[in-house]
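Inspection log for the structure reproduced underneath, given as structure tokens.
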Amino acid sequence: MTPLSLIPPRTLKGFRDHLPESMLLREKIIGIARRIYQAYGYAPIDTPALEYEEILIGKGGAETDKQLYRFEDHGGRRVGMRFDLTVPLARFAAQHIGDLGTPLKRYQIATVWRGENTQRGRYREFMQCDFDTIGTQSIVADIETALVIHDLLLAIGFDRFTIRINNRKILTGILETLDLLDRATEILRSLDKLAKIGRERTEAEMVEACGVSHKQANQILALSDLAGSNEDILDQVEKLTADSPTGLEGTAQLRQVVSALEAAGVPNSRVRLDVSIARGLDYYTGTIYETFLDALPDIGSICSGGRYDNLAGLYTRTSLPGVGASLGLDRLLAAMEEVNMVEKASTPAEVFMVYFDAERLNDYLKLAADLRAAGLRVELYGEPKKIGQQLKYADRRGHSLAVVAGSREFESGTCQLKNLRSGKSLALSLAGGPDELIATIHKQLAE
RNA sequence: GUGGCUAUAGCUCAGUUGGUUAGAGCGCCGGAUUGUGGUUCCGGAGGCCGGGGGUUCGAGUCCCCUUAGCCACCCCA
């Protein structure tokens, strides 16, 4: 039965399908993130995609309320889809911190939704990989956060990247001395654009949009003029913040983080003090992190975060300070594609098994099962087609090795192991079971 | 949300001032004496020219609407 008119298959604006080739890479990165987070003792949690609307609104400004996907559910409840993982974490902490105790180290890798306009690397459905340490003021958590970012990018395969670090207290201190604290949000927003639009225009915007004087704007922007080694910058910052206890505290914290990172073996080239990064709205109160790929600074920060004084103040009277960061998986993947870090394979199975002799199906199945039992991923071709076609398929899909066996091999109790990269094949005996084959496969994969 | 650009084969794109059966490269499928892929050669399939409406004797080409993508602004928990 053919319908009169077909439904056009299509996806919503900002929502995408993920094909095997890109999905394999996604899952690989997610796996690395899990491994690194767990290596530092962060434990996984998950929260619902849907929350009560009242949980989600109010935390951000009118802008986020506009971007929130919200509707009435079948029971007449006002609900919304989570647009980040921080607000659900806040609610989660308020609800469960009594059971879990502090400090709580958790990570969450999940999809979020924002009804904002799309652009390259910006979608309406995307994935975040958050990790946070909550319930502690200790600077150790700030240091570990940076270490995790560092280890994570390294494990993914990046070599040249820069973690920019700042401390919000420095800026707060300077605004305090200039008596501009009440305009902090607007000023920060302008300051955040510095790298993008340049110093002069930033100054002009500060004067225009925030109503500060040229002199005040210059004093704020003096922070961005600092140059030299991290040590030099810290010394200069200390002078600039000399009149403010808050500013001095921030400077001291920053100094401690930077020296700890060096002691932990993070190369200096990958850590840069950047006292002009402001990171969003007035959410953060201490250390701030932004991570840029040296080859692709334009794509923006791929891993950002910071310290906050009170995560869950909207939901509980328990004060929960913390620090954390988030890897923007989709932006990262876009970057990896751009710098050609994606290896092209659309199969997860390293071993391909040619199904050549239709009479011997059971033998193929048995051999494949033996290999899988040894932890290998094996795809047996589904039809006894011509061997050339099967190898062509294996080649296109990116299998590394092919096991070739026909009546000739079965009769002599052997099989061929063909390396699809080099084209060379080895004849191996199956007389003593699959062990020799398995050992050879492992050896070839290791090369 | 505002503005600009774009939409033609699976992908990247040609397509003259509107004019007959819309092309290329790559990919895909098949073949080159039937047990060995990536190179080469030959052949083949595959297009409501994003969708809808309009102008015209005639629209892939011009106009309007719509959907989607890219860019800028905005914003970025």
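Order of the sequence lines sets the chain letters (A, B, ...), proteins ahead of strands, with each chain counted from 1.
Rounding to whole angstrom units, CG of residue A/Leu68 and C1' of B/C76 are separated by 15 Å. Rounded to a whole Å, the CG atom of A/Asn117 is 11 Å from the C1' atom of B/C73. Spacing between atom CD of A/Glu21 and atom P of B/G27 amounts to 15 Å, rounded to whole angstrom units. If you take OH of A/Tyr393 and P of B/G30, they are 13 Å apart, rounded to a whole angstrom.
Comparing B/U67, B/A68, B/U36 by their closest approach to the side chain of A/Arg10 singles out B/U67. Checking B/U36, B/A77, B/C76 against every side-chain atom of A/Gln416, the shortest atom distance belongs to B/U36. Ranking B/G69, B/U2, B/A77 by closeness to the A/Asp84 side chain, first place goes to B/A77. Of the candidate nucleotides B/U2, B/G35, B/G37, B/G35 has the atom nearest to the side chain of A/Ile387.
For the C1' atom pair drawn from B/C62 and B/G25, the interatomic distance equals 30 Å after rounding to whole Å. For the C1' atoms, the distance linking B/U20 with B/G60 amounts to 15 Å, nearest Å. On the P atoms, B/G4 is 49 Å away from B/G43, given to the nearest whole Å. Between B/A45 and B/U36, the two P atoms lie 29 Å apart (nearest whole Å). If you take atom C1' in B/U55 and the same atom in B/U61, they sit 14 Å apart, rounded to whole Å. Distance check on atom P: B/G18 versus B/C29 gives 42 Å, rounded to whole Å. Using atom C1' as the reference point in both B/C74 and B/G19, the two lie 47 Å apart (nearest Å). The P atoms of B/A9 and B/G52 are separated by 16 Å, rounded to the nearest whole Å.
Not a single donor-acceptor pair under 3.5 Å links the side chain of A/Arg270 to the backbone N or O of A/Arg160. The main-chain N or O of A/Gln108 is never found under 3.5 Å from a side-chain atom of A/Tyr42 such that the two would form a donor-acceptor pair. Although no hydrogens or angles enter the test, the distance criterion places a donor-acceptor pair under 3.5 Å between the side chain of A/Thr136 and the main chain of A/Ser138. Looking only at distances, no side-chain donor or acceptor of A/His399 sits under 3.5 Å from a matching main-chain atom of A/Thr347. Checking side-chain atoms of A/Arg82 against main-chain N and O of A/Thr111 turns up a donor-acceptor pair under 3.5 Å. Remark: the backbone N or O of A/Thr291 is paired with a side-chain donor or acceptor of A/Ser301 at under 3.5 angstrom.
Looking at heavy-atom distances under 4.0 Å, A/Arg408 makes contact with a base. Using a 4.0 Å heavy-atom distance criterion, A/Gly14 is classed as a sugar-phosphate-only contact. Heavy atoms of A/Arg421 sit under 4.0 angstrom from at least one base atom. Residue contacts for A/Phe356: at a heavy-atom cut-off of 4.0 Å it reaches a base atom on one of the strands shown. If you check every strand for non-hydrogen atoms under 4.0 Å, A/Asn419 touches a base. In this structure, A/Glu409 reaches the bases: a heavy-atom distance under 4.0 Å links it to at least one base atom across the strands shown.
Listed pair A/Lys386 / B/G30 fails the phosphate criterion, with no side-chain N or O lying under 4.0 Å from OP1 or OP2. Between B/A72 and A/Gln119, a contact under 4.0 Å exists linking OP1 or OP2 to a side-chain N or O. The phosphate of B/C28 (OP1 or OP2) has a side-chain N or O of A/Arg396 nearer than 4.0 angstrom. Considering only side-chain N and O atoms, A/Lys418 lies nowhere under 4.0 angstrom from the phosphate OP1 or OP2 of B/G37. Distances shorter than 4.0 Å separate some side-chain N or O of A/Gln389 from OP1 or OP2 on B/G30. Checking the phosphate oxygens (OP1, OP2) of B/G69, a side-chain nitrogen or oxygen of A/Thr118 falls inside 4.0 Å.
Between A/Thr11 and A/Arg114, it is A/Thr11 whose nearest contact on RNA chain B lies nearer the 5' terminus.
A 3.5 Å limit on both hydrogen-bonding distances identifies no Watson-Crick or G-U partner for B/G58.
One distance of note links OG1 of A/Thr316 with CZ of A/Arg91; it measures 13.0 Å at 0.5 Å rounding.
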